[in-house]
Each structure stands twice: as structure tokens, then as C-alpha cells.
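Here's a structure for you.
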Amino acid sequence: ACGGNDSPEGGAELEGSVVIDGSGTVYPFMAKMAENYMTNAQENVSVEVSRAGTSAGFQKFLVEDGTDFNNASRSIKEEELAKAEELGTEVQELKVALDGLTFVINKENDWATELTQQEIIEIFLASGGKQKWSDVRPDFPEEEIKTYGPNENHGTYEFMFENILGEQDMVEGANLQQDYSVLVDLVSKDKNAIAFFGYGYYASNTDKLTAVNVDFGNGPVEPSVETIAEDGEYAEFTRPVFSYLNVNHAKEKPQVLDYAIYTMENANEVAQETGFAPLPEEEIQATVDTLNGLKGE
Amino acid sequence: MSVLTENKKQVSTMGESPVPDTKKSIVYDTKDLNLWYGEDQALKNINLSIYENEVTAIIGPSGCGKSTYIKTLNRMVEMIPVVRISGEILYRGKNILDKNFKVEDLRTKVGMVFQKPNPFPKSIFENVAYGPKIHGIRDKKILNEIVEKSLRGAAIWDEVKDRLNENAYGLSGGQQQRLCIARALAIEPDVILMDEPTSALDPISTLKVEELVQELKKDFSIIIVTHNMQQAARISDKTAFFLSGEVVEFADTNKIFSNPSDKRTEDYITGRFG
Amino acid sequence: MSVLTENKKQVSTMGESPVPDTKKSIVYDTKDLNLWYGEDQALKNINLSIYENEVTAIIGPSGCGKSTYIKTLNRMVEMIPVVRISGEILYRGKNILDKNFKVEDLRTKVGMVFQKPNPFPKSIFENVAYGPKIHGIRDKKILNEIVEKSLRGAAIWDEVKDRLNENAYGLSGGQQQRLCIARALAIEPDVILMDEPTSALDPISTLKVEELVQELKKDFSIIIVTHNMQQAARISDKTAFFLSGEVVEFADTNKIFSNPSDKRTEDYITGRFG
Amino acid sequence: MKIRDLIDEKKKTKSIGNSVEKLIPGILLGIAVISILTTVGILLTLITETVLFFQEVPIISFFTGTELKPLGEHAVFGVLPLLTGTLISTLIAMLVAIPIGLMTAIYLSEYASEKARKILKPILEILAGIPTIVYGFFAFTFVTPLLRSFIPGLEPTNILSPGIVMGIMIIPMVASLSEDAMSSVPNAMREGALALGSTKLEVTWKVVLPAAISGIIASFVLGISRAIGETMIVTIASGSSKNFTFDVTQSMQTMTAYIVEVTGGEAAAGTTLYHSLYAVAFTLFVFTLIMNMIAQYISRKYREEY
Amino acid sequence: MKYVDNNQVQKKMGSRLFLNMLAKSLFLLATLFGLIVLVILIYRVFRDGAGWINFDFITNKLSTEPERAGIMGAILGTFWLMLVVAPVTMLLGVGTAIYLEEYAKKGRLQSLFQTNIANLAGVPSVVFGLLGLTVFVRGLDLGNIVLAGGLTMALLVLPVVVVSAQEAIRAVPQFLREASYGMGATKWQTIKNVVLPASIPGILTGTILALSRAIGETAPLVVIGIPALLIPLPDGIFDKFTILPVQIYYWTLDSALVSEYMNLAAATILILLLVLFIMNSIAILIRNKFQRRF
Ligand SMILES: Nc1ncnc2c1ncn2[C@@H]1O[C@H](COP(=O)(O)OP(=O)(O)OP(=O)(O)O)[C@@H](O)[C@H]1O
Ligand SMILES: Nc1ncnc2c1ncn2[C@@H]1O[C@H](COP(=O)(O)OP(=O)(O)OP(=O)(O)O)[C@@H](O)[C@H]1O
Ligand SMILES: [Mg+2]
Ligand SMILES: [Mg+2]
Ligand SMILES: O=P([O-])([O-])[O-]
């Protein structure tokens, strides 16, 4: 029953599959979304979500018969767009929520709960020269700083590298991992650790981790759903997160388009639950309209 | 040309044939048969004729080649890879050692009963129906008839008729052996080869099988290997005495046991060796 | 109290002991020995005395318990888990079946040579040096001397002296057996037990071992199991005849072979059975 | 006679049966060849992509490179971090599996009563049948925290814990193969030694072990091969750091874990990263193949001994 | 001259016997080590997981919320996977075994086959995963569906089936074959009607053991690609799927994020161990019930 041309909201039964890969940051958001969709909207559609990382995900997205969506914690790059063009794939950017790059430390770490933006950058810069905590501030313990983060598969790494570190080399020996769960575990067990990743992973692990309150010049700011916003107090470290839709697939497979619309319509609600900051309603509505526009074609 | 047989025919050096029995026709005619297991010669220049509707006993001490000879008659001996054969065995006039001869055809006409009862691990019915089935008989009614007839023929019908679907391994050794005979009868063979069919059986079962053999010879030609002189004397018409792969004497059973022409035969049947 | 022996001592019902030889002292004194493998009794009420510097032969048909008895003398029989023993075996006055008796001690004083030569897969030297080494002799010079002496004692020195470091498996069967004897000699035992030591050997090797036994009895007490009556007659001083786990007759070898007192012994040594 | 006629009649129409008879060996040969094709398939798959990889990354720098940074723009492919990770975890595993496995084999073959053997062997079989993912879970949730409580410097993911657990996993294999080898030493040799007054320990040490040594070594080699190829335990418990180090308290990646990481994460066909997967897998394959060949060679030799 | 001093020997005997006792205890301890680990392992898994097993856990679909999460998807995935592995590996394994035991002449070719199978048995399972990824998922473009995973697994356990089927066929006594040939049966008729029926219990036992190996394998399926979140239940061999061990893998990994995932992993391990236990019991039952009587 491929009632694809009916209005999805009209309650038409859809089936088939929706394949999503990409950002690990967005994964909890998208996993929750997929689950809700399959429980509340379309039981017979199979939505599968993986989390290879933004860049890795784009490599699976931009091939013949690639994935339907690619989640991303950075916006698509020029060369990725060029690749899409080459393939004849039309790509629609769906901005789904806002995330704050969060720096987390071990629960036992009671000295670095507040750091300035500059101090954080220097800790992660190869040229920063901060090997020990005492190099950061003299009253910090004289112990080696252990830096952690996601590996180069991840948009978060690239956001860090490009937007925070200004494309300068990251410290040698930073422990870069594929899985966020591993990062959370590592930091929760290492007293001298400091790691960076999306706010969501901190929000669901507040019992295991402490977030560093960042001083952007106007006193320390705690990352939170409230402070993370494009014009909020945590704006410096705030970034939008996306899901990129293969429009060709959306036109061929009604369930893909239906899922895209569902995602946007429920984005703010799910964002809240999974540790993301919501987007302005108008922005969401605009995307929904664009998607609805695809239906007629 | 035969590839199985080597053509260096040897001159018969010994072996006394019984006076040809012109009334009965010859089923098997063995001519200058030699057989080697690798380097060891197990059969030496055998010449023997087996007659229709007779029981021919083969006797001799252990290792003299009795089993080897009887297994050559249905070419079962070829299952041992190192075997080489020369000479001829004519079955109903055709040389079975010839390359073009189909062993399966031969074996459907020549039934075999082994020293140890070897029923299949199947039901009694399936054991007997095995032969007809592999030869293409599928009709359940015909199979039923064959099974009954064969079991009757093997004098075991009354003992098993109520448990045809039970596993054959539930039978006693003697019953199993008669079942194996029934299995051989089911394809209505022309000849039945028996290799010490009673050596694993108790005296009562042995007697039953012996009676059965006497009965069967009306319809079949039977060749029976036995280490039991009394048995040979009781049931056979002709007897061949083997020694170290050679036929020492082949004659009417009466003659062999009353008046053997060879000293070695006499020594053997009087129990002086073996 | 012994746990190994069961204390239901039985009254000796048979077995004739030879007239005690008062000049020589007793090495082994077996009293009312019974042995079971599970339910099967393999030794029945054995009473036997073994004298110093004599060769005692044990003869009897297969399965009569010869090996079982000799293996009980160094408690090797215990390696079979189902074995139960009752009675006493006094070695130099001490009951070796006693729980507190250390088998390892016993075995350093009682050498054993087996039916099939069983050298270790090591060099000839290491084979002979094995015993002394485990008993703590490390001095290379002493070891060399022991090895030479033992190999000379086993009459094999000349044959192997140039290849002491070669693997023992390179030797012929007869040489291997003499090597095993040398190995037993190397721990300077008091008694040597031999279980059909020549049965796997050719006649010439057998002769050598027999000569050796004659030689060795000057220094050791020897108990030898053999199925070869001639051998027993040739080399032993006393002979025990076993039958179905019982000692039928035990006497001077001369007497046993010339004038046995038991009809069964006579039947056996004249080859009427066994 | 009736049956005879029936059979003869059927025989005329039995040509189908005859052609089946002729076809069967061919069909079965075809099936049997699939196992050969599997090997060929593995070799072809691995070699083709490996060749492509070495066109992009010089073979020398791959095998001598101490740095492995497969992701990002300036990717560096040196296999040494993975090789050391693999070899160190294997070493740790064998340090656990060899002594314990061998002692278990000795106990079962030389000391245990029939009854004890009947109980103990099935338990070892259970241990051998537990899926590796369960061992991984065990390493990650139990052994690592346990070790961390008395090795302070131990990282939350490290090579030590999975190495030990891998060793435990291999114990049954070493034990049962070694026991087979020891059981096939003829009893006559034990008797010969016991008769000279040896204790059981001396019999075992001086006679049985030397005689069974090739079978025992074969079991070690197979154990090594198994450890080299083991995947999930290290993947779960050792993290994905590509450290080039010999410090067992650190996280290291093995060749197998690298394959899981790269295929699970990315593996877009055609990239150098993708090709590196095959180069690493080929290296892994060669290692285990050599080990298996050695084991087969040794055990074939020993079978001829007695 | 006496070389062996009896007093010396006796004095040393005590310490030698003591050493023997010591070693014996050590060997026993080593043997018990495996047992102890097994007990700890099972205890831990039980402690963490037993409380989480209930009807809903078995029948629910996967969910990101621990309270709602169930393993029906993984159970069905495992089921469908086995439905591919069992027939494929049986056909290939038994076919190969028959060929090697009944048809192949002893010689080079046969030993090539035998060596190849021994080596295949030693190839790491990730490498099979890579083979599956390259040939089935990408080459034949099946995608990461049950069929692709099943074919990969079938090749992986093939050596186990071949070896056990060979043993079973070898154990069929020659006299049964002779009986059949004696009736004029051809080779294939004999194999089909006598050899195979008599060896079927052995073959089945071997196949079950191979399947229980396949059921626990994780690496090859992670390599051919199984999504971290796949909620719908697979309906057949052309569906995407997850299986019990892979579910355990992802939950163990993510237990750092949601600590209850660790309990879910433990509960799933219990189910997996239960399945393995049942399969092995069946294998043992078959082995005992059909223990050869010939
Ligand atoms: N498969 C074989 N390979 C090699 N030699 C064999 C084989 N079968 C039998 N022989 C040898 O061939 C000779 C004849 O054996 P055969 O079995 O025919 O004797 P037999 O008269 O049936 O003895 P028995 O009364 O013991 O059954 C013997 O020397 C035997 O060792
Ligand atoms: N390990 C065992 N388990 C059970 N019964 C045994 C065992 N060893 C021997 N027997 C039985 O004990 C009896 C005596 O055997 P033993 O080996 O002592 O005989 P033997 O006189 O040495 O015979 P042979 O001359 O054949 O060597 C035999 O009936 C034998 O079957
Ligand atoms: Mg015979
Ligand atoms: Mg004996
Ligand atoms: O997993 P990422 O969101 O960092 O790409």
C-alpha cells in the first residue's frame, strides 16, 4: 500500500525503510525521533539509525543508493556539495536543533570547574604549551592534562578544529575515540581528563561528569538548554546541528519525506528530551513548508 | 579386453575337479583365478565349477582364502583398493571380471549373506524392502507381498510378522541372520553366497539356518563358506577344500568326507590341523 | 592399619610350598594374597616365598594372573583404578601393602623389566641415567660410571658405547630390552622383576637376555614371568605354576619339570593345554 | 518369477538412475570445491584491495610506520601500532593460557581420577563455548575495574584486561589439545619410569612432557593463532587508541579491532582508509595462516612418532 | 662399589614426594581456575541481568529507553540468521564430507582439501566478515540483510560441519556398506539409503555445535554492518536485522551513556547463554539417544 501521494497526515499507511547515518552527536536525537515515529506515526516503516560520525556519514550518503539522511554536527562542505552535484543528488539541509560544544571533566576534578575560553583553547592547542594543569593556573595540581575527544570521523572534531582552534594543530596525544560512550566512560574514570563533545552527552551523564563553566569575558557560563542559543550566553560554543535529506529519495519514497516532515514537526520536543536547545518556531515552520513543497513534484 | 584380469594365465598345477555333472548346468565357472592383496597372493590358480540348485561348501583353515574367493564371486573384493586379479570367472557364461561387466547387475542376481548379521539400522520391513526399492519397485502393495514372501522364505515370518515396523536391531542374532537371508531373497537372486553364516549364532539358530539352506537350494544355487566340517557334511552337495589359497580337493561331499583323495584333506577333516 | 588390604583373610585352600630353603633369606613373602579387578578375582589366596639370589620363574597359561602377581610385587598394579587387594606381601619383612609404605621407596629397590621394551624417547645415556638422576645423583662423572657399569651389566656396552647420545629408538628390539635391563640395574636394585622379557625378541636376542639373567642372579634376586617352559627350565632355580589365579605348584625347577606333584602341572608342561 | 521380472523391467527404465549416479560425484566435487573457493575468495578479496592500498601508501612506510592516523586530511598509515597491540595482547593471553592450560592438561591426564575427569572436562567445554562477546562484557565490566583497584595507573580501556580474559578464553583449547597429546603417550613409558621409583611429577616432567612436547607446542601455536584473530574482547575492552607503546596499562588497538572500527564507522569504498582495512586484514590473515601451518606441521610430525 | 646410597635416596624421597604433592595441588588449582572464572562470570551476569528479564523484555521491540527496550528483534534476527546458516552449511558441509570420505581418492587432491579445511577453521572471524562485506553485501549487492549475514556465517562454520560430518561418516561400519552393495545397490544408493541415515545423528550433533558457534559470533556481523538502532522486527531473510550478540555489543558500548544498558546487556547474555545451553543439550541428547548400536 504505497499511498505515497496522499497526504501523510491523512493517516495513509506507509511502509518501507528509512536509512539514517552520520553524526554521533545527533544520534540520540534521531534515535529517539525514529522510535517515536515508529511507535506513534507509522508502525510499518523501518527507520534505522547509525552513528558513524558526520564526515563518515557523508561518505555513505553521497554514493549511488546511499543513505536517505545524513545527520551532521557541522554544515555540509563545498567538496561534499560538489560530490552531490556530480551524482545528481539534490540535498536538502534540515536544521534540527542547537548544540553547545561542552567541555567535561572528571567528577573528582574540583579545580577546573571554571575556565576561560582562552584557557580551554590553549589546553587543546599544540602550541598552547599546557601539558600540566599547573601550566594553566599555578594553583592547579601539577599533573598531566589528559585530553580526549571524538576522532576525525566526527563533525564535532571538525567544529573544534575549524571553529574553536582556528585550524591550528591539536595537541599531540589527544585521545580521540570513535564512540562517545567510550569518551564518557574514559573521562568518568580519569581524574585529569578533559574532553569535548555535544551537550547532549553531558546532559544524560551529569552523574558521571562535570561540565566546565566557560568564561567568555562576562563571567562563567554554565552550558544548558537555556544558555545554548545563537544569541545566548553560550553562543560562542553554540552550533546548529543538521540532518541532510536526499531529495531524490524523498521524491521516490513517500516514507522518507514523511519522516522528514515528522522530524521537523517534532524537532523541538525531542530536542528538549535529548539535550539540545530548540530552534525558533518560524525557522522550523519554514523548513516544514519547504518539505511539503516537495510533495507535489 | 579385460583390464581387471591380468592375462598371464598360469598352467593349473593341482586341484582335482569332480567328475562333471552333466545333468545340472554350471552357474559359476572359475578358471585359473589368481588374486593378490598388494604383494601377497591370497588365491592361487583356482579352478572350480558351481552347479545349479546345489549347495557347494567351501572349507579350509583360517586365512586360506575362503572369504576372498566368495567375495570375488560378486566382485565385492574390489572394495579393497590393493586387490589385483587375473583369470576368469564365468557367471552363466559371461566373464564377470570383464571391464564392461556391470557389477550392480551381477549383484542383483547374486545375493550375499555375511559372517556377522548386518541388518541396516532400519525397520524389519525396510530391511527386506531395501533391495526391491533400490531396484525401482515403489508400489506399496507389491512391496508388502515381496516382504512377506521373503520372510517366509527365510523361515522368520511367524516370528516377526507382528513387528515389521520395529527396528531390526531388536532381533536376536539368529533372527537377524535370517532377516539378512530374507533381505537377500527379496531380490530373487539366482545364487546365494554365504560366508560362515552361522559362526556368530547359537546352536539352535544355527540349526534353523541349516534347515533353511536345505530348503532354499530347491530354488537357488548356494555357495557356503564354513569352518564347521559337520555343517559342510550335513548340508552340502559338493565341497571344496582350500589350503593356503589353493583348492586342494573339490568333490562330492560324500566322497570328501568318506574317502578324500588328498592326504591334506584327510588330515584337515579328521582335525589333525586347522 | 592398612587401607589397601582388606582384612577378610582367607584360609589357604591349596598351593604346596617348596621345602623352605634355610640357607637363603627370604626377599618376598606373599601371604594369602587376593586381588580383584572390579568384580573379577584375578589372584586367589596366593602364598609364595621368593629367595635371595635365585631366579624364580612364574609360568602358566594366558590370563592366569602372572602379570598381575608380578605387578603387585612393586604395587604397579594400583595404576588400574578398579583394583582391590587383600592379604600381605612382606618385602624384607615389611608389608608393602601397608598404607604407610612408600611405593617410590619400594620401586627404587625393585627394578622391573616389561614384556615390550619401553625405553624413554631419549638418548641411550639419558635412559640409563634416568633413575640415578631422579634419585638425586647429579655428578656427571658418577653418572658416567653408573651408565657404563649398568650397560656392561646388561651386556650391551660394547654395542652402544660409541652412540650413547643417540636416541634409544634407534636400537633393535633386543638391544632395547637389554637397555631397559641396564636402566633397571642403574638404580642398583635388590630384586628385578621381569614380565616375559623375551617374548617380543628374536631367538638370538632371547639367548642373550637369558645368559644375562644367569649372570645377574649373582647380585640380584630375579623373578621372571615366562610363557616359555624351556626358558623356565633353562634359567630358573624355582618355578611357580599359576592356573586361573591360583598357585598350583611351587617347587624347585628341577622337581617341577621332572616330577611334578600335581596332575595339572604335568599336563601343562607337557603341552597338553595352555 | 515375479520379483525378478519386475526388477528386470524396471532396469530397462533406469537410465535416469544411471545418469544420477554419474552426476553425483561431479556435484559433490562442486560442493567440496566451495571450501577451496572460500579460501581463494578470501585471498583474492584481500590481495586485490591490498595492492591498491600499496599503490597509495608505500609498503615500507606501512610496515615500518609507528604512527597510525587513518582519519582526517593528513592520514598516516603505519601498521606498527596495530602490530604491537596485537602481539602484546597475544603475549598476555598466552602468559595466562599456556601455564594454566598446560597445568590443567597435566592434572587431567596424569593426576585426576576418572570421576574427576568426567566432571571437569565438561566444565572446560562450557568455558570454551561461551561467546566471545560475553568475555568482552566480562573484561569490560568486571576484570578492568578489578584490576584498576590495585593497578593505579591502569587506564579505563587498556590492553592488559582483554589480554588476560582472552587468555582465560583460550585455556580450554590449550588444555584439551595438550591433554590429547599427553594421553597418547603410551602407558608403557609411564610404567617404565614409575618402576624406577619416580614420583608422578617426575614421570610427568621427565617422560610424558618431553614425549608429548610437539603436540603440546602445537596447542600453544593454535592458541596463539586464536589470540591473534580474537576480536570482540579487545574491541570492547581496549578502546580504539592507536598508541605505539609497550605499556600494557594503556589503550591499544589490535588489527582485528581496527577492522571492526573502520568497517563499522566508515568504509566508503575506494578510499585509502577503505583499502587500509584490507591491508591490515591481509597481514592478519598471513599471521594466522602461518601459525596454523606450523601447528599442522608439528602435529603431523608428532602423530608419526609412536 | 655402590653408587646409589640407599640412605641418601630415602632422605631425598620425602622432599620429592612433597614436591609431587605441591605440584599436584598446583595443577588442581589451575584446573579449578577455569571453574572459578566460570562461576564468577555467571554470577556477575546473573546479578546484573536476571532482574531485568521478564515477558516484556523478551517480546518488546528495541527502544532507546531501558524500561521499554526488548530483544524480540534480536531474537527474530538470530532465528532468521540460523534459518539461512543451517541449511546452507549442512548442504555444503555434508556434501563436502561425503565427497572427501566416499568419493575422493586418497592422495594430493584429498590432502589439499583437508589442509584447506584445517586452515579455513583457523581464519579469524573478522576476515570472514570482510569476505562477506566484499562479496555478499557489496559484490552481490545484497546489502546488510539476513541472507548476506547468513551466507557469511555459513562459510565461517563450514569447517566445523565438514569435520564432524566426516567423523560421522567414517564411523558407519563397512559391513553396512557391504550389505547394500551386496544387494546390487550403486554407490550413491548406498550413500543415500545406508550411510547418510546411519550418520545423521553425528551430522546433526556437529551441525548444532556449529550453529551454536554461529549464534555467538559477533565480529563478522559488526563488520558487514548492523545499525545501532533498528526497531522493526525482521520478517524474513531479505530484511535488515540485528542479533543477540550484536545487541549485547551495542548495549555494552553505550552502557557508559545509560547505565541500565549494562543490565540490558547482562540480561541479553543470560538469554543467549540459555539458548546455547538448550542447543547443546539437544546435541547431547541426540548423541546419547542415537548412540550407535552397530
Ligand atoms: N583386506 C586385506 N588386505 C590384505 N590382506 C588380506 C585382506 N583380507 C584378507 N587378507 C589376507 O588374505 C588371506 C586370505 O584371507 P581370507 O579372509 O580370505 O581367509 P578366510 O579363509 O576367510 O579365513 P577365516 O576363516 O579366518 O575367515 C589371508 O592371508 C589374509 O591375511
Ligand atoms: N586392567 C584389567 N582390568 C580388568 N581385568 C584385568 C585387567 N588386567 C588383567 N585382567 C584380568 O585378570 C586376569 C589375569 O590377567 P594377567 O594379565 O595377570 O594374566 P597373565 O597370566 O599375565 O596372562 P598373559 O600370559 O596373557 O600375559 C585375566 O583374566 C585378565 O582378563
Ligand atoms: Mg573369512
Ligand atoms: Mg601377562
Ligand atoms: O559524531 P559527530 O556529531 O561529531 O559527527
Side-chain angles (χ1 to χ4, degrees), chain D residues 20-21 24-25 28-29 31-32 34-36 38-39 41-42 45 99-100 103-104 106-108 111 120 123-124 126-127 129 131-134 136-138 140-142 168 171-172 199-202 225 228-229 231-232 236 256 259-260 263-264 269 277-278 281 284-285 288-289 291-293 296, chain E residues 16-17 19-20 23-24 26-28 30-31 33-35 37-38 40-41 44 91-92 95-96 98-100 103 113 115-120 122-127 130-131 133-135 138 155 158 162 186-188 212 216 218-219 222-223 225 245 248-249 252-253 262 265 269 272 276 280:
Chain D
V20 167
E21 194 66 33
I24 289 287
L28 290 175
L29 175 62
I31 290 177
I34 288 180
S35 63
I36 303 259
T38 307
T39 308
I42 290 175
T45 321
I100 299 183
M103 286 196 284
T104 303
I106 293 174
Y107 185 78
L108 291 177
Y111 286 91
L120 291 169
I123 292 178
L124 282 180
I126 296 178
L127 212 54
T132 58
I133 183 75
V134 178
F137 177 86
F138 184 65
F140 187 63
T141 64
F142 177 70
I168 293 172
I171 289 173
T199 63
K200 263 196 175 164
L201 180 64
E202 286 155 356
S225 160
I228 292 176
T231 311
M232 291 326 284
I236 285 194
T256 51
I259 295 170
V260 167
T263 47
L277 200 62
Y278 291 85
L284 174 68
F285 177 80
T288 51
L289 185 69
M291 288 297 155
N292 289 328
M293 292 295 222
Q296 281 175 53
Chain E
R16 284 168 55 202
L17 286 173
L19 210 62
N20 181 47
K24 181 179 176 180
L26 191 68
F27 298 152
L28 177 62
T31 311
F33 177 78
L35 175 76
V37 172
L38 189 65
I40 296 177
L41 190 150
R44 296 275 309 187
L91 179 76
L92 296 185
T96 305
I98 295 175
Y99 180 77
L100 292 182
Y103 285 98
F113 273 108
T115 312
N116 175 57
I117 285 163
N119 284 328
L120 219 47
V123 173
S125 57
V126 261
V127 175
L130 221 46
L131 177 75
L133 177 73
T134 317
V135 175
R138 300 221 161 126
L155 293 183
L158 181 60
V162 173
T186 61
K187 191 157 192 162
W188 176 240
S212 62
T218 321
V222 173
V223 168
I248 295 169
Y249 170 59
T252 308
L253 268 186
M262 207 252 279
I269 287 176
L272 179 62
L276 286 176
N280 285 297

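Sequence lines set the chain letters: A, B, ... in the order given, protein chains first and strands last, and positions in each chain run from 1.
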Problem set entry | Heavy-atom closest pair, residues Met232(D) and Tyr249(E) |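 Met232(D) and Tyr249(E) have their closest heavy atoms at CE-CD1, 3.5 Å.
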Exercise. Would you say the side chain of Phe113(E) lies within less than 4.5 Å of the side chain of Leu29(D), judging by non-hydrogen atoms?
Worked result: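 In short, these two side chains touch, coming nearer than 4.5 Å.
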Problem set entry | Between CG on residue Leu131(E) and CZ on residue Phe285(D), distance to nearest 0.5 Å |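 Going from the CG atom of Leu131(E) to the CZ atom of Phe285(D) covers 10.0 Å.
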Exercise. Is it true that a side-chain atom of Asn119(E) and a backbone atom of Asn292(D) form a donor plus acceptor pair closer than 3.5 Å?
Worked result: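 Here the side-chain-to-backbone pair does not exist.
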Problem set entry | Part of Ile100(D) lying under 4.5 Å from any heavy atom of chain E |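 Looking at Ile100(D), backbone and side chain both touch chain E.
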For this session: State, to 0.1 Å, how close Pro131(D) and Gly216(E) come at their nearest heavy-atom pair, and which atoms those are.
Result: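 Looking at all heavy atoms of both residues, the closest pair is CB-O, 3.6 Å.
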Problem set entry | Contact class of Tyr103(E) relative to chain D, heavy atoms under 4.5 angstrom |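 The side chain, not the backbone.
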For this session: Could you look at Met293(D) and say if it's the side chain, the backbone, both or neither that has a heavy atom under 4.5 Å from chain E?
Result: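 Both the backbone and the side chain of Met293(D) come within 4.5 Å of chain E.
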Exercise. Is chain E contacted by the side chain of Thr288(D), its backbone, both, or neither, given a heavy-atom distance below 4.5 Å?
Worked result: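 Interface part for Thr288(D): side chain.
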For this session: Look up atom OG1 in Thr31(E) and atom CD1 in Ile123(D), then write down how far apart they are to the nearest 0.5 Å.
Result: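 So the OG1 of Thr31(E) and the CD1 of Ile123(D) are separated by 10.5 Å.
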For this session: Please look at Leu35(E) and chain D and tell me whether the side chain, the backbone, both or neither of the residue comes under 4.5 angstrom of a heavy atom of that chain.
Result: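 Both backbone and side chain.
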Problem set entry | Leading residue by heavy atom contact count with chain D [cutoff under 4.5 Å; candidates Ser212(E), Ala23(E), Ala219(E)] |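 The candidate making the most pairs under 4.5 Å is Ala219(E).
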Exercise. In Å and rounded to the nearest 0.5 Å, what is the CG to OH distance from Leu28(E) to Tyr111(D)?
Worked result: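 Rounded to the nearest 0.5 Å, the CG-OH separation comes to 11.5 Å.
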Problem set entry | Per-residue contact mode, Thr45(D) against chain E (heavy atom under 4.5 angstrom) |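 Contact with chain E: side chain only.
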Problem set entry | Gap separating the CD1 atom of Ile36(D) from the CG atom of Asn116(E), nearest 0.5 angstrom |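 Interatomic distance, Ile36(D) CD1 to Asn116(E) CG, rounded to 0.5 Å: 4.0 Å.
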For this session: Under 4.5 Å heavy-atom distance to chain E, tell me which part of Thr39(D) shows up: side chain, backbone, both or neither.
Result: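 Contact with chain E is through both the backbone and side chain of Thr39(D).
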For this session: Check Leu120(E) against Ser35(D) and note the closest heavy-atom contact, atom names and distance.
Result: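 That closest heavy-atom pairing would be CD2-O, 3.5 Å.
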Problem set entry | Interface moiety of Leu120(D) toward chain E, non-hydrogen atoms closer than 4.5 Å |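 The answer is the side chain of Leu120(D).
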Exercise. With chain E, which of Leu124(D), Leu284(D), Thr132(D), Ile171(D) has the greatest number of heavy-atom pairs at distances under 4.5 Å?
Worked result: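 Heavy-atom pair counts peak at Leu284(D).
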Exercise. Taking all non-hydrogen atoms of both residues, which atom of Pro245(E) and which atom of Ile133(D) are closest, and how far apart?
Worked result: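 Closest pair (atom of Pro245(E), atom of Ile133(D), distance): O-CG1, 3.7 Å.
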Problem set entry | For Leu92(E) against Ile31(D), the heavy-atom pair lying closest together |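 Scanning both residues completely, I find the closest heavy atoms to be O-CG2, 3.4 Å.
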Exercise. What is the distance from atom OG1 of Thr141(D) to atom CD1 of Ile269(E), rounded to the nearest 0.5 Å?
Worked result: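 With rounding to 0.5 Å, OG1 (Thr141(D)) is 7.5 Å from CD1 (Ile269(E)).
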Exercise. Which region of Ile34(D), side chain (C-beta onward) or backbone (N, CA, C, O), has a non-hydrogen atom less than 4.5 Å from a non-hydrogen atom of chain E, or is it both or neither?
Worked result: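 Interface part for Ile34(D): side chain.
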Problem set entry | Contact origin within Phe142(D) toward chain E - heavy atom pairs under 4.5 Å |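 For Phe142(D), the contact with chain E is made by backbone and side chain together.
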Problem set entry | Closest heavy-atom pair and its distance - Gln296(D), Ala118(E) |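 Nearest pair, atom of Gln296(D) first, then Ala118(E): NE2-CB, 3.4 Å.
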For this session: Using non-hydrogen atoms and a 4.5 Å limit, figure out which bit of Thr199(D) sits close to chain E: side chain, backbone, both or neither.
Result: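 For Thr199(D), backbone and side chain are both near chain E.
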For this session: Tell me, out of Leu155(E), Ile248(E), Leu130(E), who's got the most heavy-atom pairs with chain D below 4.5 Å.
Result: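 Ranked by heavy-atom pairs under 4.5 Å with chain D, first place is Leu130(E).
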Exercise. Top residue by heavy-atom pair count (under 4.5 Å) with chain E, among Pro25(D), Ser225(D), Gly136(D)?
Worked result: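 Of Pro25(D), Ser225(D), Gly136(D), Pro25(D) has the most heavy-atom pairs under 4.5 Å with chain E.
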Exercise. With a 4.5 angstrom heavy-atom cut-off, which part of Leu276(E) approaches chain D: side chain, backbone, both or neither?
Worked result: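 It is the side chain, since no backbone atom gets that close.
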Exercise. Quick one: what part of Leu158(E) sits under 4.5 Å from any heavy atom of chain D, side chain, backbone, both or neither?
Worked result: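 Only the side chain of Leu158(E) comes within 4.5 Å of chain D.
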Problem set entry | Nearest-0.5 Å distance that lies between atom OG1 in Thr104(D) and atom CZ in Phe33(E) |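 Here the interatomic distance stands at 9.5 Å.
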Problem set entry | Chi angles and distances behind the side chain to side chain contact (heavy atoms under 4.5 Å, CB included) call for Glu202(D), Arg16(E) | CA-CA 9 Å; Glu202(D) 286 155 356; Arg16(E) 284 168 55 202; 2.7 Å; yes
For this session: Select one option (side chain, backbone, both, neither) describing which atoms of Arg44(E) are under 4.5 Å from chain D's heavy atoms.
Result: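 Side chain only.
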Problem set entry | Segment of Leu19(E) engaging chain D (4.5 angstrom heavy-atom cut-off) |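 Contact with chain D: backbone and side chain both.
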Exercise. Contact part of Thr252(E) toward chain D, heavy-atom cut-off under 4.5 Å: side chain, backbone, both or neither?
Worked result: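 Both parts, heavy atoms under 4.5 Å.
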